[in-house]
Amino acid sequence: MRSVDQLNPKEYIIVKGARVNNLKNVDVSIPRNSFVVITGVSGSGKSSLAFDTLFAEGQRMYVESLSSYARQFLGRMEKPEVEYIRGICPAIAVEQKVSTKNPRSTVGTTTEIYDYLKLLYARIGKTYSPVSGKEVSKSTVTDIVNYIHDFDEGTRFIVSSPLALQEGRTLDVVLKLLLQQGFTRVIAKGETLFIEELLEHIEKGEKFALGDLEMLIDRNAIKKGDEENQFRIADSIQTALFEGRGECRIQIVQKGKEPISHLFSDKFEADGILFEEPSVNLFSFNNPYGACKRCEGFGKVLGIDADLVIPDKSLSVLDDAIVPWRTETMKKWIKPLLDASHETGFPIFRSYKDLSEEEKNILWNGLGKFKGINAFFKHLESKTHKIQYRVMLSRYRGRTVCPECHGSRLRKDAAYVKINDKSIIDVVLMPIAEASVYFNEITLNKHDHKIADRLLAEIKNRLQYMNKVGLGYLTLNRLTSTLSGGEYQRIKLATSLGSALVGSMYILDEPSIGLHPRDTQNLIAVLLELKRLGNTVIVVEHEEEVMKAADEIIDIGPDAGSYGGELRFQGTLQDAIDNPEISHTTRYLSGKSSIPTPEVRRKWTDYIEVIGARENNLQNLNVKFPLGIVSCVTGVSGSGKSTLIKRCLTPAITRALGHHTDEKPKIDRIDGAIKAITKVEFVDQNPIGKSSRSNPVTYVKAYDAVRELFSKNELSVHRGYKPAFFSFNVDGGRCEACQGEGTSKIEMQFMADIYLPCESCKGKRFKNEILEVKYKEKSISDILDLSVDEAVSFFADQKKIIQRLQPLLDVGLGYVRLGQSSNTLSGGEAQRVKLASFLAKGTLKESERVLFIFDEPTTGLHFHDIDKLMKAINALVEKGHSAVIIEHNVEVIKTADWVIDIGPEGGKDGGTIVFEGTPEDLINNGKGYTAHYLKAAMTS
């Protein structure tokens, strides 16, 4: 390892004496313009070095360069605890957390692709009439002048405009006004007359239809070299357009030929419809001008949910598929359709799912005497003064796709603007992989190409990077709030690549999360591209493939929390393989350690089967989930794993067990041994508490026992302190300045809010008199500062507390501080805290049989910790519970009893079952990407 004192800051980012969190005076140097992986067991201090030291200093230096207004807060922005940091670059942190819950934020807006699309369609989009399909255009003065000059020198022409009657004025009054304005001639029925002559004809009683009359503005001949003549023509055309209310006729008179007449208009219209001219705001759903008026740009409205009206699509109309019409009172609504079925040919015996779109349309909108489902609900809405109708309506209401914009969020006429036969709505609803092909094959004329070149380059570039980071299955219309942490991080990564920054320091937090091993290679290519552009790429990562591609590996350890924080290893992959005994990482990289494959797989008989899963890209799947074993659902990114488990299996079982859920799964039915389980627990990566007051010790219910212990202290008894006095959630013993938070929030208008220790209690959360109560020389605040490891040793004689804390240790969270705010925990850590709460004695009753569903539980886990995690999950299964794990990590897949592989690709090319069986059967007989990577892991 290099000595940092003699290194050049122009070549290295140098950190001397880092002591942030658990780091123990770490000296480290990172070569500039290189790809470096920081690894180590969970809680060893990786993030402390990468984010709390390097990024924090980069951010602090950025703020230092801002205005005096920004710098007034700098005195309160704490500098990382280091001796010095030299050679630091502008820092960009790309974290896992989906930081936006904005219902208007989409993949397109987050990546800025949609901004370029709006500009592109506003500049070169062509509007087509929905009536005739003709292109809508308008003529400018220049267009008309150019038309005239296309004819030969000396050609005579006439400029005229249709005569427009003003309201309340007769034709003779209008003609007299024109005389006063200086106009002298009109064209009546193709003949040129003086206005006085026409007035004489009218006085004699001759009738003229308005369409027969035109006002003659100018008669002239083409003189191409005469500038004055050109000015006169342009002026005449301008006058004609004004007087003709936007219309102007040009008649070309050539010797020996029929006159050529052409009516020009400066109105943007066709087929009698006046269209909106393309503009950026027309394509913006965040602007009232462009947003759909019905849903106001949200894409969804509160309406009648078809899935609630017809929940079982396998039933026919005759079998009462339509739920609100099952009662005797309401059957009168369906009777006309049943009675007339032999005349109309409507198939009343066919299941709803097999009906054609036309037949479904009849069911919803009616035919003849049959009014339809929509008319039924309109009837209910007209009777909302009666409570029974209000209750009935509420039963079938839900967030449904807006019927006006069909989820596109834009006003209807935005779809009339097209480029190469595709509207902006078509583009945002395409998977990114398809959109990329469309823009690469786009054909434009020379004029449009000149305008769009720069915009197209940006769009193609960003779409290409989205594909490269394995997100080709997403659409640009997808809500950002529905993305996983890994997807969001890769979107931010692709956006950074698209902006082509140079000389920056990118710090990424496990970008391989949520990626199948196949997609990891594409991610590595993207990270290397960032490096090639001239950036320093620092990745906090556990994925072996990413480590193998790195220029250098920095290993922090040896263990977690107070047992970590040391620089154990720095060097190349080969150096790590050559020195296997240095750390847990080098042992796994060199092959000296590995996660064992079970000698025997568990057998199963009971199962739960999902039949006819059709959500998102799932293609009418029938899938069996065995009970009493560990099952693993895998497949490439976007193949449909999460959709099957989160959107189909979980809500279906929840409903089958008689519990309410807002989610209505798009499946035919759920079958199997449902009564063999008592409940389903979805253990995801969402925070364990929305409040900063929530923390691991309260979540696993160990804090109740700690407070009780402190309340029995002699001083507490003397002063009358109850257990509530040692709570930071209620009045009594907590610091009232920060209300037990321990921090105060400073709102920064130019960047993220800053949290600083409370000035009153110095971050200790409690009043001084409460802190005087001590157990084994530690106050309640000191207890909250202990790690789980330290607390288990400290409370060794307190069985009640140990029972609650031990599971945290078992799932590899010994390094987490008891009082650590839950919103500072990563998704993987939060998930393991939830797992620990189930492992705690007394949480689950002996009679309970729970189906645990884990969403990528290896997030943030080192090989060493995955071993602990699988032991914890297997401990639950040994107690009679069942586990279904959504996972890409081959180390987890190889330890499972049963594997369900979905694919073969992502998006529309996925959604089918590639394989079901044991890991051994998968590597011997299975096809697809998972089989290939699993074989390499199990045979190495």
Side-chain angles (χ1 to χ4, degrees), residues 482 484-486 513-514 602 604 606-610 613 615-616 618 621 623-635 639-657 659-667 670-688 811 827-839 843-844 848-859 861 866 869-870 872-889 892-893 895-902 913 916:
T482 64
S484 69
I513 285 171
R602 296 182 186 92
W604 56 275
D606 286 344
Y607 61 86
I608 288 172
E609 187 173 14
V610 171
E615 190 83 44
N616 290 346
L618 297 180
L621 299 188
V623 194
K624 286 180 181 176
F625 295 94
L627 297 177
I629 67 168
V630 176
S631 303
C632 202
V633 181
T634 186
S639 58
K641 306 178 299 300
S642 296
T643 300
L644 175 63
I645 303 303
K646 292 184 188 178
R647 305 280 295 276
C648 297
L649 176 67
T650 308
I653 296 178
T654 306
R655 282 171 174 247
L657 293 173
H659 304 297
H660 174 72
T661 171
D662 291 334
E663 194 103 34
K664 171 67 180 71
K666 287 186 181 174
I667 63 171
I670 189 159
D671 218 335
I674 294 164
K675 289 185 179 175
I677 59 169
T678 52
K679 66 176 176 176
V680 59
E681 287 288 353
F682 190 81
V683 187
D684 60 12
Q685 294 174 19
N686 290 341
I688 57 173
V811 295
E829 286 170 335
Q831 192 176 35
R832 277 176 284 143
V833 171
K834 292 175 191 175
L835 174 58
S837 74
F838 293 117
L839 288 168
T843 305
L844 297 172
E848 279 189 311
R849 290 292 174 265
V850 182
L851 172 61
F852 286 97
I853 296 173
F854 296 94
D855 185 14
E856 295 190 48
T858 60
T859 298
L861 286 189
I866 292 173
L869 173 81
M870 292 315 297
I873 292 175
N874 279 302
L876 284 171
V877 174
E878 290 304 320
K879 288 178 182 176
H881 305 296
S882 310
V884 174
I885 307 172
I886 305 170
E887 192 53 82
H888 297 108
N889 192 306
V892 172
I893 300 168
T895 63
D897 301 306
W898 192 255
V899 179
I900 299 165
D901 192 27
I902 299 180
I913 299 293
E916 290 176 276

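The chain is numbered in sequence order, starting from 1. Remember, it's a predicted structure, so these values are computed and weren't measured experimentally. Atoms considered below: every heavy atom in the structure, side chains included; atoms not considered: hydrogens, waters and symmetry mates.
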Residues in side-chain contact (heavy atoms from CB on, under 4.5 Å) contact with P651, at least two apart in sequence or another chain: T661, E663, P665
side-chain contact (heavy atoms from CB on, under 4.5 Å) involving A875 - partner list, sequence neighbours excluded: L839
Closest approach of [X] to [Y] (non-hydrogen atoms, all atoms of both residues):
| X | Y | answer |
| --- | --- | --- |
| A673 | L627 | O-CD1, 3.7 Å |
| W898 | E916 | CZ2-C, 4.0 Å |
| V680 | L657 | N-CD1, 4.2 Å |
| A872 | V811 | CB-CG1, 3.7 Å |
| I886 | P857 | O-CD, 3.9 Å |
| A883 | V877 | CB-CG2, 4.0 Å |

Hey, could you give me the [atom1]/[atom2] distance between [X] and [Y], rounded to the nearest 0.5 Å?
| X | Y | atom1 | atom2 | result |
| --- | --- | --- | --- | --- |
| I667 | E609 | CD1 | CD | 10.5 Å |
| I913 | I902 | CD1 | CD1 | 4.5 Å |
| R849 | D606 | CZ | CG | 11.5 Å |
| I866 | T895 | CD1 | OG1 | 9.0 Å |
| S631 | I645 | OG | CD1 | 9.0 Å |
| I608 | F625 | CD1 | CZ | 9.5 Å |

Residues forming a salt bridge (charged side-chain N to carboxylate O under 4.0 Å, His left out) with [X], sequence neighbours excluded:
| X | value |
| --- | --- |
| K646 | D855 |
| E615 | R647 |
| E848 | K679 |

Quick one: does [X]'s side chain get under 4.5 Å of [Y]'s, heavy atoms only?
| X | Y | result |
| --- | --- | --- |
| V630 | I885 | yes |
| I900 | K641 | no |
| V610 | L621 | no |
| I853 | E681 | no |
| L861 | N889 | no |

Audit row: L876, V850, side-chain contact (heavy atoms from CB on, under 4.5 Å) steps and yes/no: CA-CA 9 Å; L876 284 171; V850 182; over 6 Å; no
Plane angle bin for F852 and F854 - parallel if under 30°, tilted between 30 and 60°, otherwise perpendicular: parallel
Pairwise side chain to side chain donor-acceptor pair (under 3.5 Å) hits with a residue in residues 872-884, at least two apart: R602-N874, R602-E878
Passing option when E887 is tested against T634, V633, T858, V899 for side-chain contact (heavy atoms from CB on, under 4.5 Å): T858
